[in-house]
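It should be emphasised that the depicted structure is a prediction, and the values quoted were computed from it without experimental measurement. Lettering of chains follows the sequences in order, A, B, ..., and the numbering in each one begins at 1.
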Amino acid sequence: MPEPVGITSLPDQRYKIVSKEGATFTIMVAGESGLGKTTFINTLFQTSLKPHQDPTERHNKFQSAQETVEIGIVRAILEEKNFKIRLNIIDTPGFGNNVNNNDSWTPIIDFIDDQHESYMKQERQPLRTNKKDLRVHACLYFIRPTGHSLKPLDIEIMQRLSTRVNLIPVIAKADTLSPAELDTFKTRIREIIEAQDINIYTPPLELDDPASAEHAKQLIESMPFAIIGAEEEIEISPGKFSRGRKYPWGVVEVENDEHCDFKKLRSLLLRTNMLDLVLSTNEIHFENFRSTKLGADEEENEDELKEELTNEKGEVVKKPSITKKPRRLHNPKFKEEEDQLKKFFTEQVKAEEQRFRQWETNIINERNRLNQDLEEMQLKLKNLEEQIKKLQLAKR
Amino acid sequence: MDQSYTFNVSSSNGQHSSPIINYRKDAKKGVKFTFMVVGESGTGKTTFINALLNKKVLNHRYESTAHTAGETKTLAFTSAKSVALPNTSILTRNEFNARTIHEEPGIALTETQIEILDDDNMKLFLNIIDTPGFGENLNNEICFVEIENYLKQQFDLVLAEETRIKRNPRFVDTRVHVMLYFITPTGHGLREIDIQCMKRLSKYVNIIPVIGKADSFTSDELQFFKQQIRIDIEKFNIPTFQFDSFLNEYDEEEDYDLIQESKFLASLQPFAVVCSEDTFEVSDGAGGKPKIVTARQYPWGLVDINDTRYSDFSILRSVLLGSHLQDLKDLTHDFLYETYRTERLTKVTGDAGFDDDLTEQPTETHDHTLGTRHEIPSLSNLAQLTDSSTNGDFAREIADSHSITSTSSSLKKPSMLLDDEVTPQSPRLRNVNSFTSSSSTVSFDTEKQQNNNQFKRLSIGPQRNQLRQLSETVPYVIRHERNLERQAKLEEMEMASAKELAHRAAMLERKAAELKAKERELMRQLEEAREIERKKEQAERQRAEAERQREEAERIKQAEAERVEEEDEQEDPEPNVIEVHDESYEDSQEHHIEKDTTITDLHSIVSQH
């Protein structure tokens, strides 16, 4: 038997490269405040990655009680068995906290688009070794465990997110729903997701590998994942520690499949489907963004070309390319203002017009009156003239 | 009913005996109590109510109309888009529809009346107001407005009834005695919507903040959350119901229990409740007989909702339906309503005080044209009269009149009788004058003692007058204002629908314009086709013309040739002349004909000549 050429060692080479380079993974957690986003992140990576919001700070900035949606980024490097992973966690505190939540999703959506755009720009640069990549690979949307259904706000943002990132809906704080309630809640959410055209992330089914296919199927079936977060280790039985929440009525174990879907979600995020999440972000969502963006740019370029052609006879003046249009021209806040201004303007114009019309009618009336007067005068004059004639005749 | 209401013994044994008398008296005809639950959906409002009454009173969200103990009717509804009708809304139909779930539900107020019988045979008529849709819209401003309007309206109704001369014996007091505000269990503190809502509504109702679904917190977290809420309540000055606010009224030694209890309740606030409708049989650990508890079953344990270690449910229940029921009612009537009333009446009387024309003739105020706007100035006149005489004491005067109207409904009757006797107008006027002077004496206390008596006697009349004025005016003013408000709301809705209509009309118009444009295009094409045809015809005609001309030219040539021949042949000049003449005549005629055609043709003919 001849010695093998050595092609089979390619995976090993690849493995070495990858393990040396490490990987980048970006997770976004979105959802109303108080749903355990921070706790979940800390539970997922089993460290205190992200500090909890400081209550005193909250009171300090909480002057007007109105909050704006912010974007918070936490960077960390995790190391497990010499393999490094660069982790970016994006939090969106303040979402859904206000009375009027119209457009509160804009900062989040804009952030995602910005990352795509900046990555695209970096790709075009001549020197592109040091790319900064903050594209969101997975977005966990936290649903409040109401037991009813989704709110319009949830649907609005999920629809927008699902076209841009790998959206994974999760039911937060699932320990407030009993199994029966959780079941109906999940069914309703699935129905809504289907009816409202929300594309959530589904792990690919690999048919040639029955074990992983089975696993993927299980994952798909348990969407949306019901999760519980806990940062503390609790002694469940003597000598045995586990992450969980200790209530007076019992201990909820995070890593117990009967209590919640945390393990499944972790498997989806980290163990089995991380690569797929990264790749699908690159292949589907980034490509989508790129093609629409480039398509739009091309149209712009065409317009520019046309302008150049018309200028040909004189001198070919290439206009300074204003490709960087002021983004977010469609900022809804401005739009509202604009509408108001427009309304005000039209009202003013109307009022003025009314005034002018009044004026005009007045003038017309005045003219008519004067005309009448004039006629009367003329009539009188005529009469007088006739009288004069008569008198003259009589004189003779 | 397996759960009896645990009335707190300490409060019944307390010093304040009047509630007890009230209580006894009420026991016969039953006690009416209205409460309201407000809070974001999914915080356990419905479950709380069902658990509170231990039977199915309200339907859960999306639960098909199952049998419930009470009848639920919708009191008010506002849609987020202001075009939808209540009977098409998700809130009233209560059906789950995944397709329309993205629409904002608006807000509804529903009322459920239920009668429960207590252990000591006391009837309790409960009126439960639920607010489905609260906090579910993108913009939740309408929610407060709607609830605030409802609460105000109830106060207005009572105010109108109170000041009426003839009272309706079947009048039902619909004021809301307490509002349970369910705080979403975030673990952080209050949110903007919580703060705004509680602040706005606290003017009209006692608010007891409640943490819903407290089973999402461990003990430490719950303590932390409660602490945060307390800080927020203090920081934003939210006037919630205080259990320890009347403590200094009580004697420290005699009411020791009561004070302790109040302090305990105050320390508990905000109450954290865990609710459930399901009952489970639990065998007590020591092997006793099985106990039935209302609880929530989780894979990791059973949460007994009556366990005071982690759920304040049973305490809240005894507070709500037992120990503080009367307190809440009294506070609503004596404090909240009274404040509202003062403000309202001051506004009513103060509003029209600028009408100077009418104050010139006070006599006019006395002919009562009921139900018209005329009523407002009539009231203001008195106010102004008092105002002009006592200057700074105006507010006090008004307040006085309020206390009289409110405290002594019995006083009103004689006043009416007296008023009937005073029919002529002049004495009234005099009365008014004396009244003003008397008030000045009261305020300055400079008049002699003997005069005072006289004045006092006299002053009764006009005050009654004033009372009568108030009683006749206020209901109408209030109704009028309410009508105005309603009208404004309707107008707003109308505007919204008009806008929509206009939008649709614009769309239709645009379509029509498009169609017209298409038609025009078609017409243009048709015209073009016709044009081409016409051109063809013209070309044909021109060709025919050209042919004719050619023929003509040939004929002329021929004729000329003939003439030349004839000229050559002719010797005799005379006939020749005639002939030439003839010919020239003919020629000119031809000329004429040619002239009609074209100039170029003429040229050619001339040149041919």
Visitor: As an exercise, state the distance from CG of A:Asp175 to CZ of B:Arg296, rounded to the nearest 0.5 Å.
Guide: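 The CZ atom of B:Arg296 is 10.0 Å from CG of A:Asp175, to the nearest 0.5 Å.
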
Visitor: Which one, A:Gly250, A:Pro179, A:Pro248, A:Ala174, leads in non-hydrogen pairs under 4.5 Å with chain B?
Guide: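 Sorted descending by pairs with chain B, the first entry is A:Pro248.
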
Visitor: Could you state the interatomic distance from CG (A:Asp154) to CD (B:Glu136), rounded to the nearest 0.5 Å?
Guide: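 If I round to the nearest 0.5 Å, the distance is 9.5 Å.
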
Visitor: Which pair of non-hydrogen atoms, one from B:Thr186 and one from A:Lys173, has the smallest distance, and what is that distance?
Guide: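 Heavy atoms only, the tightest pair is O-NZ, 3.4 Å.
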
Visitor: Give a yes or no on whether A:Glu347 atom CD has more than 12 heavy-atom contacts from other residues, nucleotides or ligands under 6.0 Å away.
Guide: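 Count over threshold, so yes.
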
Visitor: Looking only at heavy atoms, what is the nearest atom pair of A:Arg144 and B:Thr184, with distance?
Guide: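 Heavy atoms only, the tightest pair is NH1-CG2, 3.0 Å.
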
Visitor: Considering only heavy atoms, which portion of A:Gln159 lies under 4.5 Å from any heavy atom of chain B: side chain, backbone, both, or neither?
Guide: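 For A:Gln159, neither part sits under 4.5 Å from chain B.
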
Visitor: Do you know which two heavy atoms are closest between A:Arg245 and B:Phe217, and how far apart they sit?
Guide: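 The answer is NH2-CA, 3.9 Å.
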
Visitor: So which residue, A:Glu156, A:Glu181, A:Glu32, ends up with the most heavy-atom pairs under 4.5 Å with chain B?
Guide: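 Greatest number of close heavy-atom pairs with chain B: A:Glu181.
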
Visitor: Does atom NZ of B:Lys203 have more than 12 heavy-atom neighbours, drawn from other residues, nucleotides or ligands, at distances under 6.0 Å?
Guide: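 Counting neighbours around NZ of B:Lys203, 12 or fewer heavy atoms of other residues, nucleotides or ligands fall under 6.0 Å, so no.
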
Visitor: If you count heavy-atom pairs under 4.5 Å with chain A, which of B:Ile193, B:Thr218, B:Leu222 comes out on top?
Guide: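 When all of B:Ile193, B:Thr218, B:Leu222 are compared, B:Thr218 has the most.
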
Visitor: So A:Tyr247 and B:Val303, do their side chains get closer than 4.5 Å, heavy atoms only?
Guide: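 Heavy-atom side-chain distance check fails, nothing below 4.5 Å.
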
Visitor: Taking A:Leu153, A:Thr176, A:Leu35 one by one, which has the highest count of heavy-atom pairs under 4.5 Å against chain B?
Guide: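 Most pairs with chain B among the choices: A:Thr176.
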
Visitor: Is there a side-chain contact between B:Tyr298 and A:Leu177, using heavy atoms and a 4.5 Å cut-off?
Guide: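 Counting from C-beta outward, B:Tyr298 and A:Leu177 never come under 4.5 Å.
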
Visitor: Against chain B, label A:Val251 side chain, backbone, both or neither, depending on which of its atoms sit under 4.5 Å from a heavy atom there.
Guide: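 When you check distances to chain B, only backbone atoms of A:Val251 fall under 4.5 Å.
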
Visitor: Can you tell me which portion of B:Gln297 sits under 4.5 Å from chain A's heavy atoms? Options are side chain, backbone, both or neither.
Guide: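 For B:Gln297, backbone heavy atoms alone lie under 4.5 Å from chain A.
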
Visitor: Can you measure from OG (B:Ser41) to NE2 (A:His148) and round to the nearest 0.5 angstrom?
Guide: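 Atom-to-atom, B:Ser41:OG and A:His148:NE2 are 6.0 Å apart.
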
Visitor: Side chain, backbone, both or neither: which part of A:Glu253 has a non-hydrogen atom closer than 4.5 Å to chain B?
Guide: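 Contact with chain B is absent: no heavy atom of A:Glu253 under 4.5 Å.
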
Visitor: Quick check: are there more than 12 heavy atoms from other residues, nucleotides or ligands sitting under 6.0 Å from CD of B:Glu494?
Guide: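 Incorrect, the count does not exceed 12.
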
Visitor: Between atom OG of A:Ser178 and atom CG of B:Asp215, what is the distance when rounded to the nearest 0.5 Å?
Guide: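 It is 10.0 Å, given to the nearest 0.5 Å.
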
